[in-house]
Amino acid sequence: MADTAGRTVLRTHTVLRTQGRRMAAAFGGRQPSGPRHPLVAVAMVLPLAALLTVVFGGWEAVVTQASSVAGMLGR
């Protein structure tokens, strides 16, 4: 039974990957040539995260959570 589940997951992954390639080709995009460095991903996400935090007033929540975590760590 585990073997069947493993094959199903592999088949689903393959189908999703193929659909992603088709979508990229349909919209004129290209597939990345290799894995992206984690710092590049962070640099892409941080500006949007900061903008959303300011626009929706979530800054207080971020500060509250950070101080709570610092309190739990004993700092």
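What you are looking at is a predicted structure, and each value in this text was computed from that prediction instead of being measured.
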Task: Point-to-point distance, once rounded to the nearest 0.5 Å, from CG of L39 to CE of M44 - done: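 Reported to 0.5 Å precision, the distance equals 13.0 Å.
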Open item on the list: To the nearest 0.5 Å, what is the distance between CG on L46 and CG on L51?
Closed with: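 With rounding to 0.5 Å, CG (L46) is 12.5 Å from CG (L51).
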- [ ] Give a yes or no on whether V45 and V42 share a hydrophobic cluster (residues Ile, Leu, Val, Met, Phe, Trp, Tyr; joining criterion: side-chain heavy atoms under 4.5 Å apart).
- [x]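 Per the 4.5 Å side-chain linkage, V45 and V42 are not co-clustered.
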Task: Path from V55 to L48 over hydrophobic side-chain contacts below 4.5 Å - done: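 As far as the 4.5 Å side-chain criterion goes, L48 and V55 are connected within one cluster.
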- [ ] Taking S68 for its side chain and T64 for its backbone only, find out whether a donor-acceptor pair lies under 3.5 Å.
- [x]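 Looks like no, no N/O pair under 3.5 Å.
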